[in-house]
Each structure stands twice: as structure tokens, then as C-alpha cells.
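Sequence lines set the chain letters: A, B, ... in the order given, protein chains first and strands last, and positions in each chain run from 1. All values derive from a computational prediction rather than experimental measurement.
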Amino acid sequence: MEKMSRVTTALGGSALTGRTMHCHLDAPANAISVCRDAAQVVVAGRSIFKIYAIEDEQFVEKLNLRVGRKPSLNLSCADVVWHQMDENLLATAATNGVVVTWNLGRPSRNKQDQLFTEHKRTVNKVCFHPTEAHVLLSGSQDGFMKCFDLRRKDSVSTFSGQSESVRDVQFSIRDYFTFASTFENGNVQLWDIRRPDRCERMFTAHNGPVFCCDWHPEDRGWLATGGRDKMVKVWDMTTHRAKEVHCVQTIASVARVKWRPECRHHLATCSMMVDHNIYVWDVRRPFVPAAMFEEHRDVTTGIAWRHPHDPSFLLSGSKDSTLCQHLFRDASQPVERANPEGLCYGLFGDLAFAAKESLVSAESGRKPCAGDRRHPIFFKRKLDPAEPFVGLASSALSVFEMEPSSGSMSWFVDTAERYALAGRPLAELCDHNAKVARELGRNQVAQTWTMLRIIYSSPGLASAASLNHSVGKGSSYGLPLMNSFNLKDMAPGLGSETRLDRSKGDTRSDTVLLDSSTTLITNEDNEETEGSDVPADYLLGDVEGEEDELYLLDPEHAHTEEPEYVLPQEAFPLRHEIVDTPPGPEHLQDKADSPHVSGSEADAASLAPVDSSFSLISVSHALYDTRLPPDFFSALVCDMLRFYAEQGDVQMAVSVLIVLGERVRKDIDEQTQEHWYTSYIDLLQRFCLWNVSNQVVKLSTSRAISCLNQASTTLHVNCSHCKRPMSSRGWVCDRCHRCASMCAVCHHVVKGLFVWCQGCSHGGHLQHIMKWLEGSSHCPAGCGHLCEYS
Amino acid sequence: MAEGENEVRWDGLCSRDSTTRETALENIKQTILRKTEYLRSVKETPLRPSDGLSNAVSLDGLNKLLAHLLMLSKRCPFKDVREKTEFILKSVQELGIRIPRPLGHGPSRFIPEKEILQVGSEDAQMHTLFADSFAALGRLDNITLVMVFHPQYLESFLKTQHYLLQMDGPLPLHYRHYIGIMAAARHQCSYLVNLHVNDFLHVGGDPKWLNGLENAPQKLQNLGELNKVLAHRPWLITKEHIEGLLKAEEHSWSLAELVHAVVLLTHYHSLASFTFGCGISPEIHCDGGHTFRPPSVSNYCICDITNGNHSVDEMQVNSAGNVSVSDSFFEVEALMEKMRQLQECRDEEEASQEEMASRFEIEKRESMFVFSSDDEEVTPARDVSRHFEDTSYGYKDFSRHGMHVPTFRVQDYCWEDHGYSLVNRLYPDVGQLIDEKFHIAYNLTYNTMAMHKDVDTSMLRRAIWNYIHCMFGIRYDDYDYGEINQLLDRSFKVYIKTVVCTPEKVTKRMYDSFWRQFKHSEKVHVNLLLIEARMQAELLYALRAITRYMT
């Protein structure tokens with residue numbers, strides 16, 4: 001069989017046969033190379049140097065070139081290359097700096113032919129001339145490249161890169177005299193083999209070492225380079241200056257790169273660290289690899305396409321001591337696993353949604369019904385038939401816009417800006433915030449603030465009155481705070497209605513009735529809105545759940561703390577009018593029936609509606625009279641915070657957390673707090689409320705949050721005179737020894753707010769620049785730059 | 001006396017703005033004078049028993065402030081601060097309070113003070129460096145003052161250190177300093193420990209932790225083992241060590257944190273080497289850096305004793321040094337001659353492969369006999385030893401060690417290809433910074449040797465670098481270890497070995513006895529090579545273990 005395939009390739013056909021397979025080597029491989037007949041592969045490493053025949057079903061060891069009893073460093077190979085013209089000729093680069101050639105035609109067991117010991121350091125790469133039989137090129141750690149004529153005992157010419165170690169050398173396939181070399185300092189050089197004195201061309205290709213390069217087999221001027229900076233770049237060398245035509249960002253440093261035969265835009269890469277897979281990229285789609293081979297368990301050190309005209313067989317050697325043949329059709333295609341769906345909320349409630357086209361078209365019949373109020377806008381990318389992955393990962397994008405009126409998040413911004421979080425006594429803060437909330441029509445929030453104030457600060461004389469007052473007002477607006485997304489006209493009305501009823505403090509049966517009707521309507525609502533992707537049910541459900549949660553714990557408290565609870569009974573008459581102040585004390589009763597407190601049901605019943613609805617107030621009285629520690633409520637308050645956060649109003653949760661400070665902090669676990677803080681800060685920043693967000697960061701006690709202010713505080717600036725980065729901190733440029741913070745308008749040194757253009761580095765006093773740019777669009781320094789101020 | 005108003009704020013002094021500094025200075029002056037006045041008044045009134053304690057406390061506080069002032073008056077890169085602080089000290093003295101004076105002999109005990117750059121006489125570039133360092137740390141430490149022999153390196157060093165300690169990173173600030181303390185304590189380097197104890201407290205670390213590792217969180221305690229092995233026998237690090245740290249339930253480290261910690265550990269191990277290798281004196285404001293006693297009383301500092309470094313010693317060495325001037329002159333000549341020979345005959349004489357392999361083994365084996373004669377155990381000073389346990393664990397020779405540890409081949413795992421990628425992946429930007437630092441240290445040369453100019457020292461530098469790696473069992477396939485024997489003489493090897501492996505045993509005698517004719521700046525240069533090579537060796541072993549864990 002082996003012979004057959006040999007015959008076919010020799011005939012010029014590409015009828016290679018084989019399957020994905022691997023064989024175990026005795027030691028890690030450093031490099032592999034294929035014989036031109038595509039039927040043999042040589043594997044070289046520190047302690048291995050063998051030739052394997054590639055058969056249909058398996059690799060067969062043909063020859064072990066590592067002969068002799070004593071291991072010699074000459075045999076510790078960093079690289080190996082098989083001559084593409086002569087089947088008997090091989091060359092290896094040894095880690096100790098020796099270049100060895102091997103002649104398989106030698107009759108003896110030792111096939112070693114010639115030994116060149118001219119390099120002083122490790123030789124990283126050897127390369128035969130693609131057409132010339134006797135020309136060998138080597139690149140070494142000592143920074144030199146040497147060209148050997150195999151008919152002579154020493155090198156013909158030495159090329160000095162004048163920079164650091166050479167990592168790769170490659171003869172151009174098309175240009176007879178040209179070769180490329182890559183360097184540890186990021187440079188790539190082009191040499192003419194006849195001119196060893198200096199390189200033809202040099203450019204910086206990568207940041208950090210360039211580990212490998214490969215000439216395109218067909219496109220004359222294309223050179224692919226891979227570097228430690230995790231990039232593969234394709235350069236067009238035909239132009240006057242090397243031009244970067246493609247760039248692929250991989251996830252690890254690129255150790256080898258090889259163009260795929262017969263596929264103009266494909267190349268295979270493997271990595272030196274961390275990542276063990278081999279990727280085949282289409283350079284035009286640089287984000288998702290076209291194919292991926294995942295067989296290896298350790299880093300892949302060598303890759304080679306089996307035949308220069310067959311794109312489907314890839315061979316690879318690895319540190320995990322295996323040699324693999326990969327079949328392209330067995331490769332895993334990340335595209336298939338890619339999830340082409342995406343969903344994102346805009347700041348003002350817009351919703352963008354991308355999905356597989358097939359899905360979208362299937363659903364399009366249902367679209368109109370959801371349409372009316374939200375206006376879906378469809379974007380469809382015009383498909384380029386030449387593009388890879390057609391039909392695999394194309395998706396359609398639809399955007400749903402909010403109705404302008406309902407989408408307003410102004411309450412959020414207003415609240416964020418007007419809330420007072422610190423700097424005053426607790427009572428004042430609460431009052432202030434309650435007032436803010438009330439003015440914005442968020443009565444429940446206002447109510448909460450007022451209650452917090454009662455719980456945590458000593459009783460003010462006016463407290464009862466103000467409490468009452470706020471409630472009276474509150475129930476008349478009663479727009480549920482998070483209803484902004486709720487587009488049903490009836491929903492807000494419904495919400496306020498139920499609330500009104502509840503706060504009337506009617507008998508229990510009434511409420512239950514009402515409640516069930518609420519749920520009923522809510523359910524209807526759900527069904528209506530189902531198709532529209534908007535979680536209206538969620539919001540409504542929450543409005544309901546709100547009180548539940550708030551008072552969930554109350555009965556428990558009531559029972560556990562019974563003695564104290566009974567004590568202050570005499571205070572009731574005085575405060576009787578406030579009984580109905582809590583937005584929904586009846587709920588306590590609902591809850592009392594629920595399994596939660598079933599054990600103490602009897603007790604709850606005996607307390608009777610009046611009693612239990614008193615719970616909150618009476619307890620707060622107990623606080624005044626007997627100096628109950630505010631800790632008493634902390635569980636309740638924490639639940640309240642959790643409820644707000646759950647409901648989406650993380651603003652409230654964080655604000656209360658900050659205002660109450662030590663009083664509740666210990667009762668909520670760090671992680672939750674952190675989570676709230678980050679969400680709130682994220683929201684604030686999306687609304688550009690930088691000052692508020694900064695204040696929140698500053699006031700937060702969570703370590704992870706306060707760190708935010710200390711991270712990335714460096715600002716890199718250019719000197720406005722010499723346009724080069726200012727290395728010293730301070731404002732004097734050490735190159736031109738001038739102060740860099742001069743105002744371009746008034747030519748004075750700016751102290752205080754300094755604004756400058758990121759394009760031309762000129763700037764000055766905020767006021768001056770603002771005024772200047774009102775009248776002119778050019779830079780005030782006269783550099784001709786079109787500055788923008790926004 | 002409420003503590004609030006007496007809080008002295010030093011941070012204003014770090015500003016580049018002279019008016020800010022001026023206000024800060026004025027505030028400091030007011031506070032200190034107020035304190036002084038108070039103390040004086042207390043002294044004059046008859047002592048009440050209850051006052052005794054608080055009086056002592058406030059005197060202690062004042063003394064600390066005065067020591068800090070003294071440090072500023074000597075070491076602040078800003079002239080106005082130096083002058084003003086000196087003035088404050090004087091006025092305090094006039095009020096009848098005893099003021100401190102610096103102890104010892106400048107930043108280094110090995111290098112005469114006059115050789116070292118005086119603060120205030122630096123050029124613009126160095127001034128920028130100093131100002132940066134001062135602004136970041138609020139001080140200009142002795143290490144900086146010694147390293148400024150090589151400003152190019154110093155810049156990279158400070159940048160890296162600043163990034164490691166103060167910039168974005170996975171570990172909280174006080175952890176970083178605590179890890180620094182742990183690492184320095186492994187080598188009983190009280191200098192670094194003192195510095196970082198201050199910093200640790202400054203960033204809000206829990207003082208309780210300082211009583212010993214067992215008081216620190218379990219997470220840091222777990223790091224103790226890695227610290228120990230890394231400091232003394234890095235070749236024993238296995239992926240099990242790494243796994244143990246990463247999989248420890250709620251005390252486990254994340255990979256990024258671990259890399260940060262490893263970089264910090266190696267940084268401070270090698271910095272401890274530098275501290276001892278260059279005989280860095282205690283900071284003026286730290287214990288042992290100043291005294292309140294008048295000059296007449298015999299002066300010594302603790303570190304001198306622990307290093308067996310009495311002033312008597314210095315005398316002997318000095319006299320010995322003077323005698324052998326002519327000897328040492330020939331030393332340099334001989335070294336240069338050898339380098340020339342090696343350069344020339346390299347092509348001719350071809351050593352066989354076996355020969356090369358055995359040379360490495362010989363060098364490795366020999367390195368273990370290279371040890372200073374005074375091998376007696378030095379008991380670490382009490383305050384340092386509490387930061388680490390298992391004091392008996394020290395450097396054991398790579399080759400002497402019982403079980404066979406395979407040689408580490410650089411060609412299979414090197415910093416440029418592998419280590420860098422791993423560090424940069426897990427702790428972005430740091431790989432780049434360390435890479436730069438290695439490069440600068442390795443390639444730094446002024447093409448001079450003692451009194452000779454235009455010398456290619458690359459061979460010598462490579463020999464030193466590879467010798468250090470050889471001691472850690474790291475082998476370069478492409479290096480002929482015979483060169484080391486030719487280029488490094490015994491006293492130099494003793495010095496290298498001691499600095500790298502057991503820095504706490506370095507004495508001035510060792511420092512003086514190698515390369516007697518070379519300049520101090522060149523000896524500091526050697527130290528830079530030593531610490532960077534050591535850091536790289538430790539990093540290679542640690543990172544290889546992490547890589548193995550990950551695959």
C-alpha cells in the first residue's frame with residue numbers, strides 16, 4: 001500500500017490515502033519534516049531522531065538515526081529539515097550549535113555525513129534551498145546566519161543580523177536568491193544570498209521575538225510571521241515597504257506557521273506554551289479558526305503538510321511524545337460550535353438581538369404581533385459568497401427600540417444625582433433621600449427611607465406626622481418604581497390601584513380577594529406579552545412580591561420576641577392612626593397562612609388582624625422605650641435590600657447600604673455587596689455619572705470595590721512640543737526641557753483643570769479651549785489638527 | 001494631646017510641586033514643635049505616676065518622627081526638603097531635645113560613602129529617577145542609592161518593583177508586602193523585612209500577622225512551603241507544590257495570584273542577595289540606622305554582628321588589601337589574557353561531546369566545595385526569624401543532594417520562549433517588565449574592566465550568568481563550562497556562591513577579596529548579574545512547575 005501511494009504521488013496525482021492516526025514516540029519531539037514523496041516523515045528531538053513511514057493505517061518506524069552508545073549533544077536536535085529535491089539528504093540543527101547533515105544513502109549504520117561547528121550558540125533553524133541541491137542555511141542564537149555549500153567543509157558566507165538571536169530562516173520559494181530571517185527582537189530581515197554584507201530590507205514585525213515565518217507557496221511576495229505577541233501577520237513584500245495585509249490574533253505565542261497547500265488564504269499554526277491545539281486559519285476571518293486539531297496533550301512543536309499539493313493531510317509532532325497525522329475532514333470546526341446568538345440591552349432599554357438566520361426567518365411570521373409598540377429594525381449583512389463559513393455562522397440582527405416615553409430612565413439619573421449618601425447625620429440623609437424619592441414619584445422608596453430613619457435614629461418629634469403625611473401622598477401616585485419597561489397602559493394603573501386598596505388597611509378577606517385578582521390579571525398579562533420577549537410578568541410579579549418579602553420575616557420576629565412585643569401595648573392608642581401606614585400589612589396575614597409559619601399558625605391567628613398589622617410600629621416603639629438595639633431589625637432591613645436588588649433597583653440597595661454603613665453591613669455577605677456595588681457602578685458609568693460612581697466607590701467599604709479607584713490611575717501623556725511620551729511624572733518634558741502644560745490659548749501654565757486633544761497633544765485651560773473651539777475647529781496651537789471637544 | 005492633630009503627614013513631601021511641599025513642611029514643623037513643647041512642659045512639671053507611661057510613649061513617637069526627619073534631611077531628592085528638615089531638627093535640638101544622628105557609613109557597609117553618589121549631586125536623569133522613586137515610596141532607600149551606579153538598570157528595576165507592589169495586580173497591597181517580608185525573612189534579611197513591615201502597616205495590613213506566619217491567613221501560610229523550597233532548593237519544586245496551592249478549598253490561590261506571588265518571592269529572594277552582597281546598611285529612619293547617643297559611645301549595629309562583621313575585621317582586610325595592590329594588578333591582566341586566549345583558541349581546540357558534558361558536571365560538583373571556610377551557623381536575629389518557620393532548611397548543593405535530580409535544560413524551557421509567555425498570560429505586563437530587566441542586566445556593559453577600556457566583557461558576563469545557573473542545575477547545551485574555570489577564580493566563586501545561595505553569610509572580607517583591583521561600580525554590576533540570574537533560575541523552576549501543572 002505504501003508503495004502504491006508512492007507511485008501515485010510520483011505520478012503527480014494527489015491521491016494520498018490515510019486516516020487520522022498517531023503513534024507514540026519514545027521522547028518529546030522538537031521538529032518534524034516530510035520527505036518529498038510524502039510517504040516518510042522524520043522526527044527530531046533532544047533524545048529522538050527517527051524516520052517513520054506513513055502507511056494507510058499506521059506509522060511504521062523505518063530508521064533510527066540515533067546510533068552510537070554515548071548520547072552526544074550533536075544529536076540533540078532543535079530542528080530538522082528534509083531536502084525537497086533529494087530524498088536522501090537531511091539536515092539537523094543541534095542545541096549545542098552544530099549543524100549536521102545526514103545521507104540516507106550511506107551504506108553504514110551511521111548515516112551522519114557532515115558536521116559544521118561554526119555557530120557558537122544553539123542553532124534554531126536550518127533550511128535547504130528549495131531548488132539548489134547543495135545549499136543549506138542556518139540561523140543561530142548567536143545572531144548569525146550561515147550559508148553552507150555541502151560540497152565544502154565550511155560555510156560559504158556568514159550573515160550578521162546585527163541584532164539579537166535568529167529564530168527562523170526561510171528561503172523564498174519563488175525568488176532564487178532571497179531568504180527571510182526573523183529575530184528575537186521582533187525584526188524580520190530580507191537577504192540576498194549573494195550579498196552577505198548587509199540585508200536588503202528590515203522591518204519590525206512583532207513586539208517581542210518572531211518565532212517563525214513561512215513564504216506563501218503561490219503568492220510571490222507573501223510572508224507569514226508568527227511571534228510571541230500571539231499574532232500571525234501576513235506581509236506583502238512586493239511593495240516598496242513591507243505591508244501588513246492580514247493579521248490573526250491567536251490565544252498563545254505562535255511557534256510555527258505553515259501555509260496550507262492549494263488553499264490560498266489558509267495557514268496552520270501551533271503554539272509554544274499553554275495551548276496544545278493546532279489551528280488552521282483563514283486569514284480573512286481572523287477571529288475564529290477554520291479548523292482545529294485537538295489530538296495533542298502537550299504543546300505541539302512541529303507541523304508539516306504532508307504533500308505540497310494536498311491540503312487535507314497535516315502531520316504534527318509534540319512534546320507529549322506523539323506523532324500525529326490529521327485529516328482535514330476530521331478536524332473540529334469551531335464555527336459549528338459557535339453560538340451566533342447574542343442579546344444586549346441598550347442603556348435606554350433598547351434591545352438588540354442577533355440570531356441564526358434560519359431561526360429568525362422561521363419566526364418572522366410571529367413578528368408583527370409583537371411589532372406595534374416596539375419597532376424592530378433588521379440589519380442583514382450582505383453576504384459575500386467568496387467568504388468562508390457561509391451558511392455556518394451567519395446571523396441576523398434585530399433591534400427593538402423602546403417607546404420614548406416609557407423608556408425614560410431619568411428617574412435613575414435624577415435619583416443618583418440627588419441622593420445624599422454621606423456627610424450628614426443618618427436621620428437627615430434618610431429624610432433627604434425620602435424627599436428626593438417622593439419628588440420623583442417613587443413613593444415606595446420614599447417610604448422605605450422614612451422607615452429606615454425611624455428604625456435607626458432616635459425618634460424625632462415630627463416623625464409620626466411626616467410618616468403619615470408621606471403615606472397619604474404616596475398612595476395617590478403609586479407608580480411602581482420599576483415599571484419603566486412595562487408597556488401595557490393598564491399595568492401602572494393596576495399597580496396603583498391594588499396598592500391603594502391595600503394601604504387602606506381593609507379587612508383581610510378583601511385583600512385576599514384583591515390579591516387573587518391581581519395574580520389573575522398578571523397571568524393574563526403574561527400571556528399577552530409572551531411573544532414579545534419582554535419580561536413584563538417578571539416585573540408585575542415583583543410588584544406583588546415586594547410586600548411579601550418585606551414582611552416575610554415579620555411574623556417570625558413577632559413570635560420569637562413575644563415578651564418584648566407584648567410589653568409596650570399601652571403605646572398603641574397613641575399611634576393608632578398610623579396603623580395603616582405600612583404599604584401592605586395585610587400581607588402578613590397572607591403569609592401567616594403560608595407554609596412558612598405554619599407551625600405557629602395558631603399564634604398568628606390569635607393575634608388577630610389588628611395585632612399583627614401593628615407589628616412594625618409597635619416594635620419600633622419598643623425601640624424607643626426600651627432601647628431595643630437596632631440590630632433587632634437588621635434581618636428585616638437586609639431582606640428589604642435583597643428585595644430591591646432582586647427587583648432590579650440596585651440603586652436603592654447600594655444607597656441604603658452606604659447610608660446605613662456599619663449598621664447592616666455585617667449581615668449581608670461580602671460577595672453580595674460586591675455584586676451590588678459593581679452593578680450599580682456599572683450602571684452609573686453607562687449613564688456617564690462619573691462623579692456619583694466615584695463617590696460610591698469611595699464610600700464603599702468592600703475592599704474589592706475601593707480598589708477600583710486605585711487601579712489604572714496612570715495617564716500617559718505626550719509632550720506638546722516634541723510629541724513624544726512624557727516619561728517623568730510631573731509636567732516638565734525631559735527632552736525639550738519645557739513645561740508641557742501650557743495653555744495653547746493664553747500661553748500660561750495651566751494649574752487646575754487641563755484639557756487637551758488626544759490627537760495633537762495640545763490643550764489648555766478648560767474654559768479657554770471651550771471658547772476657542774466654539775469659534776474654530778482647528779487646534780489653537782496652530783498645528784492644523786482638527787480638534788474635537790465633546 | 002489628641003492623636004488626630006499630631007498625625008504627621010509625610011505624603012505632601014512626595015509632591016513635585018514645591019508649594020505643596022512647602023505647606024507640608026510647615027505643617028510638619030508645627031506639629032513637631034508642638035510635641036516638643038509638650039514634652040518639655042511635662043518634663044518640667046513633677047511626674048505623676050499615671051503620666052509616666054504616656055510620656056514615654058509620646059517621647060517614643062517623637063523620636064520616630066525625628067528619625068524620619070533625619071532621613072529626609074539626608075536622602076530627599078528635593079533640596080528644599082533637605083534644608084528645611086535639617087532646620088527643624090536644629091530647632092528641636094535648641095529646645096533641649098536630643099536629636100538622632102545617622103549611624104554607620106552611608107548606604108553600604110562595603111563601599112566607602114565617598115564612592116557613592118551623594119543625594120543632591122546627581123545629574124538630571126538620575127534626579128528624575130530619584131524623584132520618581134521618592135514620589136512612589138516616600139523615601140530613597142539605600143538599595144536605590146547603590147544601584148544608581150547603573151542608572152539604566154535602576155530605572156527598569158524601579159519600574160518593575162513599582163508595578164509589582166503598587167500597580168494593578170491580582171493580590172491586595174498588604175499581601176504583596178507580606179510576601180516580600182516572607183521572602184526576605186527566608187534569608188534573614190532584616191533590612192528588607194524592616195522596610196516592608198513599615199510599608200505593610202502603611203497600606204493597612206494587620207499588625208498581628210507580623211508576629212509570625214502562623215498568625216497570617218491560611219492562604220499565606222500555604223505559601224510558606226513554596227517560599228522555602230524556592231529560596232533554597234528551587235529544583236525540588238514539582239507540580240504537586242503548585243497543585244497543593246491551587247486546590248486548597250477556600251484557601252486556594254488562583255493561577256494569576258500565584259504567578260504574582262512567585263514573581264514577588266523571587267524578586268525579594270534575589271533582592272536579599274543584593275542587600276547582603278553589597279552590604280546595604282539599615283535605612284536611617286529604621287532601627288539600627290540612627291542613634292540618639294552622642295558620637296563618642298562606641299557604635300555598632302546589629303547587622304554587623306550577625307554577619308560577623310566587626311570593625312576589627314575591616315581593619316585587617318584593609319591592610320591586607322593595601323599590601324597586595326601589585327598582586328591584584330596582575331589579577332586583572334591575567335583575567336584579560338585568559339579572555340583573549342579563550343576568544344582565539346575557541347575555534348581550534350575542539351572538545352569532545354563527552355568532555356563538554358563532564359565539564360558541566362565538574363563545574364556543578366566543584367561549586368559545592370566552593371564555600372567560605374566559616375561555615376558556622378548564624379542564628380538569625382529574633383525579630384526576623386519569627387516570619388518564617390523551619391530555620392534549618394537551607395541551600396543544599398544541587399549535586400550533593402541525595403536523590404538524582406535531572407539537569408534542567410534551557411533549550412527545553414527558557415525564559416524568552418516559555419517563561420515570558422506564561423507570566424504575561426497570567427499577570428499581564430509583568431512579563432514584559434521582567435524581560436526588559438533581564439535583558440538590561442545581561443547586556444549591560446561599559447566595555448571597561450578595572451583600568452582597561454574597550455574590553456568586550458560579554459564572555460565574562462556569560463560565564464558569571466551561566467555559573468549561577470549551573471549552581472541551580474540549569475544547563476546550556478551550547479556553553480563550554482570549561483570557560484568558567486578559566487575566568488572565575490576561587491575567591492570570586494566563593495563570593496558568587498555565598499551571595500546567591502546563602503547571602504546572610506556574606507562578609508566584607510569576601511567582598512573585598514575578589515577582584516581587588518576592580519571598581520566598586522563593577523562589583524555592584526556583578527551583583528546585578530547575580531541577582532537577575534538567580535531570579536531567572538528560580539522563576540524558571542517555578543514556572544516550569546506551573547506549566548506542568550497546567551498541561
Side-chain angles (χ1 to χ4, degrees), chain A residues 28 30 45-46 70-76 78 94-98 117-123 140-142 164-165 167 184-185 207-209 211 228-230 251-253 255 271-274 276 297-299 319-320 703-704 707 710-714 727-732 734 737 751, chain B residues 15-17 19 124-125 127-129 131-132 135-136 155 159 163 166-169 172-174 203-204 346-347 350 352-354 356-357 360 409-414 416-426 431-432 435 439 443 459 462 475-480 543 546-548 550-551:
Chain A
N30 275 348
R46 172 169 290 284
K70 282 187 184 157
S72 159
L73 274 182
N74 289 349
L75 287 170
S76 156
T95 50
N96 64 350
V98 179
T117 50
E118 292 187 25
H119 284 295
K120 295 195 186 78
R121 306 282 308 267
T122 300
V123 177
S140 157
Q141 198 74 18
D142 60 14
E164 287 176 64
S165 317
R167 298 308 298 245
E184 203 146 83
N185 59 4
N207 183 10
F211 287 138
R228 192 171 71 179
D229 58 359
K230 307 179 190 172
I251 58 166
S253 59
S271 156
M272 194 170 263
M273 275 296 288
V274 193
H276 310 156
R297 299 272 73 87
D298 202 337
V299 285
K319 276 252 161 83
D320 64 0
R703 212 192 56 222
C707 276
Q710 282 139 37
S712 310
T713 49
T714 324
S727 50
S728 62
R729 279 159 261 166
W731 283 105
V732 178
D734 29 301
H737 300 288
K751 289 196 172 174
Chain B
S15 164
R16 276 155 212 287
D17 184 30
T19 46
Q125 186 204 359
H127 181 79
T128 325
L129 273 176
D132 281 350
E155 185 176 5
K159 207 160 83 184
Y163 196 94
Q166 274 141 322
M167 301 296 276
D168 304 0
L173 294 180
H174 61 287
V203 296
R346 179 134 62 171
D347 304 329
E350 249 339 301
S352 71
Q353 288 311 308
E354 296 77 51
M356 297 288 258
F360 174 73
R409 306 266 185 173
V410 169
Q411 268 73 11
D412 292 344
Y413 197 99
C414 65
E416 282 80 15
D417 294 2
H418 306 91
Y420 170 90
S421 301
L422 186 65
V423 171
N424 233 23
R425 184 188 186 90
L426 296 170
Q432 192 65 43
D435 194 40
H439 265 264
N443 295 326
M459 186 183 274
R462 194 169 167 216
R475 177 169 180 194
Y476 290 79
D477 280 349
D478 53 359
Y479 187 69
D480 174 7
L543 294 175
I546 295 177
T547 311
R548 285 191 174 158
M550 288 166 76
T551 51

#### Entry: Euclidean distance, B:Met550 CE relative to A:Asp298 CG, rounded to 0.5 Å
11.5 Å
### Query
What are the two closest non-hydrogen atoms of A:Thr122 and B:Asp478, and how far apart are they?
N-OD2, 2.6 Å
### Query
Is any side-chain heavy atom of A:Thr95 less than 4.5 Å from a side-chain heavy atom of B:Arg409?
no
### Query
Got a sec, which residues hit ring pair (Phe, Tyr, Trp, His ring centres under 6.0 Å) with A:His276, two or more places apart in sequence or on another chain?
none
### Contact origin within A:Arg121 toward chain B - heavy atom pairs under 4.5 Å
both
### Task
Would you mind checking which part of B:Asn424 comes under 4.5 Å of any heavy atom in chain A, side chain (CB onward), backbone (N, CA, C, O), both or neither?
neither
## Note on the structure
The reported gap from OH in B:Tyr420 to CE in A:Met272 (rounded to nearest 0.5 angstrom) is 13.5 Å
### Task
Can you see which heavy atom on B:Arg425 is nearest to which on A:Ile251, and at what distance?
NH1-O, 2.9 Å
### Summary
CG (B:Asp480) and NZ (A:Lys120) are apart, to the nearest 0.5 Å, by 13.5 Å
### Message
Taking the side chain as everything from C-beta on, heavy atoms only, tell me whether A:Gln141 gets closer than 4.5 Å to B:Glu416.
### Response
no
### Query
Can you check whether B:His439 reaches A:Asn185 side chain to side chain, under 4.5 Å on heavy atoms?
no
### Query
Can you name the side chain to side chain contact (heavy atoms under 4.5 Å, CB included) partners of B:Ser421, sequence neighbours left out?
A:Arg228, A:Ser253, A:Met273
## Note on the structure
Under 4.5 Å to a heavy atom of chain B? For A:Ala252 that would be both
